[in-house]
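Notes to accompany the following structure.
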Amino acid sequence: MQRDILFQGVAAPLRLQGADVVLPLLPDIVVGWPFRIVEPGDTPAFFTITARPDAPLLRCESHVEDRPPQDWDPLNALCDAMAGLAVALPLSDPRLICLHAAGVEIAGRLVVFPNIRRAGKSTLSAAFARAGHRVFSDDVVPLSFPQGGPALGHAMGTAPRLRLPLPESLPAGFRSWAEAVPGPRNRQYHYLPIAGQPTHGETLPLGAFVLLDRRDEPVEAELIPVRADAAMDALLHQNFTRDRHSGEVLEVIAASLEAAAVWKLVYADLDGAVACLTAGFRAWAVPVEGGVERRFGPASLDYRPGPLGRTVVQRVGVVVRWIGEVLYLADPEGRAIQRMDALAAAIWAMLEEPGTPEELEEALEEAFPGTPRERIAADLQALLERLWEAGLVGAGDVSTVDKL
């Protein structure tokens, strides 16, 4: 039997083909995300789970991610489907960009932990839930951006998930609590359907970005302020809403980093981390009410760079943002965001007016008198080709400069 599962706010369904075995697990995974079960329609699914009579595992196919089908048990099949659901959500809502991150409520604001390998964001999120905080997500945080106000974090409505087996290094009290929470589990994962968590789409103003630095050796939990560009690099790598115009994404992320605190949490002990963050974010400035939420435009993939010609110049329409001490550029078509090092930023500034490679080489030779001209020429050529391929510079003669 075929069934479609429609989740609130998502146009495409999750399609089950003889895979009703997953249905009893679903309410304890999407605990706060309303859904309904309907007969299959003509709308293409974002994900398909198929039971096969010749195999014990379920065939799982994502239709919003470019990856091969996988065979999973029922719980892992739904884990995989939830990843597809996070990709399908912004496809139905042009207000959102989605980050691989966790988000927890502290004193009425959302504190976001960007996904950094082995940082322990999911376990820390569960520890916050145990301490009575609301967890907006332990894996994906959708953000929207009202005009004139702080960014808003949206609750996913899914239960926190722990990877099994739990490390022996975790506090005994946390391990006992987690084991006692009834929820779907297998050898790899344990979902924690905890009461009192926010429902799908509930929002909170963004309060802070916190980069997690989990240590194996004992260390007292400490919040350390960091430069905004450190968070920017993490956020760019964790933004997976790839169809959005990158110039618009750069603008809103830069504005959010200016408005929100950016910290690093060094910690080893879960309880110490929760106590440190709770004390550090005990109170916030009164938030400014925002207006209509921004809707993102799509990227254009039709751009083909023309020949560079004898002179080179910045293209009209490039989005330019300094974040901390680092320059970021997005091409006018919105295909990608580029991080410029100090030398690239200096050359970019020189290209405000059309210039030839020879003129640029002379300027660089004066700035770096100990560097051979051949080395300067080779490095400059490589950078100009990179900027050209990224759609950031074009030919500088009057007849071919972009008129956007």
Side-chain angles (χ1 to χ4, degrees), residues 3-16 22-38 43 45-47 49 62 64 75 77-106 108-113 115 121-122 125-126 128-129 132-146 150-161 181 183-184 189 191-207 238-241 244 290 293-296:
R3 303 176 190 268
D4 276 1
I5 302 175
L6 292 174
F7 294 90
Q8 178 181 294
V10 179
L14 166 62
R15 184 156 293 155
L16 304 183
V22 305
L23 289 175
L25 304 174
L26 202 54
D28 285 334
I29 294 177
V30 287
V31 290
W33 197 330
F35 67 89
R36 55 194 177 94
I37 302 173
V38 300
T43 304
F46 73 84
F47 197 93
I49 302 177
S62 175
V64 291
L75 183 58
L78 283 180
C79 289
D80 205 3
M82 293 303 100
L85 182 58
V87 177
L89 174 62
L91 295 177
S92 297
D93 192 338
R95 301 172 303 154
L96 302 179
I97 66 169
C98 290
L99 305 177
H100 274 305
V104 300
E105 181 180 4
I106 302 178
R109 292 282 191 102
L110 193 69
V111 177
V112 173
F113 310 126
N115 183 37
K121 65 178 177 58
S122 295
S125 299
F128 268 98
H133 294 266
R134 299 197 305 160
V135 177
F136 271 54
S137 177
D138 72 333
D139 188 51
V140 174
V141 174
L143 295 176
S144 63
F145 302 87
L152 297 176
H154 295 239
M156 287 294 284
T158 55
R161 183 187 69 175
V181 175
Y189 299 112
Y191 279 93
L192 307 174
I194 303 164
Q197 300 305 304
T199 58
H200 174 73
E202 186 176 343
T203 62
L204 275 178
L206 178 64
Q238 303 311 328
N239 166 34
F240 61 84
T241 318
R244 301 292 189 252
E293 290 166 297
R294 179 172 190 160
R295 291 174 176 264
F296 291 92

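The first residue in the sequence is number 1, and the count goes up from there.
In this structure, the side chain to side chain donor-acceptor pair (under 3.5 Å) partners of D80, at least two apart in sequence or on a different chain, are R67, W72. P150 pairs by the side chain to side chain contact (heavy atoms under 4.5 Å, CB included) definition with P205, P287, not counting sequence neighbours. Under the side chain to side chain contact (heavy atoms under 4.5 Å, CB included) criterion, S92 pairs with V10, A11, not counting sequence neighbours. Looking at residues two or more places apart in sequence or on another chain, you find a side chain to side chain contact (heavy atoms under 4.5 Å, CB included) between P198 and R134, F136, A155, E202.
The shortest side-chain heavy-atom distance between D4 and T43 does not fall under the 4.5 Å cut-off. Taking 4.5 Å as the limit, every side-chain heavy atom of V64 sits out of range of all side-chain heavy atoms of F47. Side-chain contact between M156 and L89 is present, with heavy atoms from C-beta onward closer than 4.5 Å. You'll find the side chain of L26 reaches within 4.5 Å of the side chain of V30, heavy atoms only. Side-chain contact between Y191 and V31 is absent, with no heavy atoms from C-beta onward closer than 4.5 Å. Put simply, the side chain of F296 does not reach to within 4.5 Å of the side chain of P94, judged on heavy atoms.
L23 contributes atom CG, which lies 5.5 Å from atom CG of L16 (distance to the nearest 0.5 angstrom). Atom CH2 of residue W33 and atom NE2 of residue H200 lie 4.5 Å apart, to the nearest 0.5 angstrom.
Residue L25 comes nearest to L78 through the heavy atom pair CB-CD1, 3.7 Å, listed as atom of the first residue, atom of the second, then distance. Closest heavy-atom contact between S125 and V135: O-CG2, 3.3 Å. Closest of all the heavy-atom pairs between A102 and V141 is C-CG2, 3.6 Å. Among all heavy-atom pairs drawn from F46 and L14, the shortest one is CE2-N, 3.4 Å. Considering every non-hydrogen atom in both P13 and L6, the closest pair reads CB-CD2, 3.6 Å. The minimum heavy-atom distance between D138 and R161, with the atom names listed, is OD2-N, 2.8 Å.
Listed for the S137 side chain is no donor-acceptor partner under 3.5 Å among the backbone atoms of G103. In this structure, R244 contributes its side chain and L96 its backbone to a donor-acceptor pair below 3.5 Å. Judged by distance alone, with hydrogens and angles left aside, the side-chain atoms of H154 form no donor-acceptor pair with the main-chain N or O of L143 at under 3.5 Å.
For the pair R294 and F145, the cation does not sit on the ring face, since its NZ or CZ is not both under 6.0 Å from the ring centre and inside 45° of the axis.
Counting only residues at least two apart or in different chains, salt bridge (charged side-chain N to carboxylate O under 4.0 Å, His left out) contacts with residues 24-38 are absent. Within the structure, salt bridge (charged side-chain N to carboxylate O under 4.0 Å, His left out) pairs that include any residue of residues 82-99 comprise D93-R95, R95-E293 (at least two apart or interchain).
The aromatic rings of F35 and F7 lie tilted to each other, with the angle between the two planes from 30° to 60°.
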Practice task
Start with the C-alpha gap between I49 and R15, add the side-chain angles, then the distance that decides, and say whether side-chain contact (heavy atoms from CB on, under 4.5 Å) holds.
Solution key: CA-CA 6 Å; I49 302 177; R15 184 156 293 155; over 6 Å; no
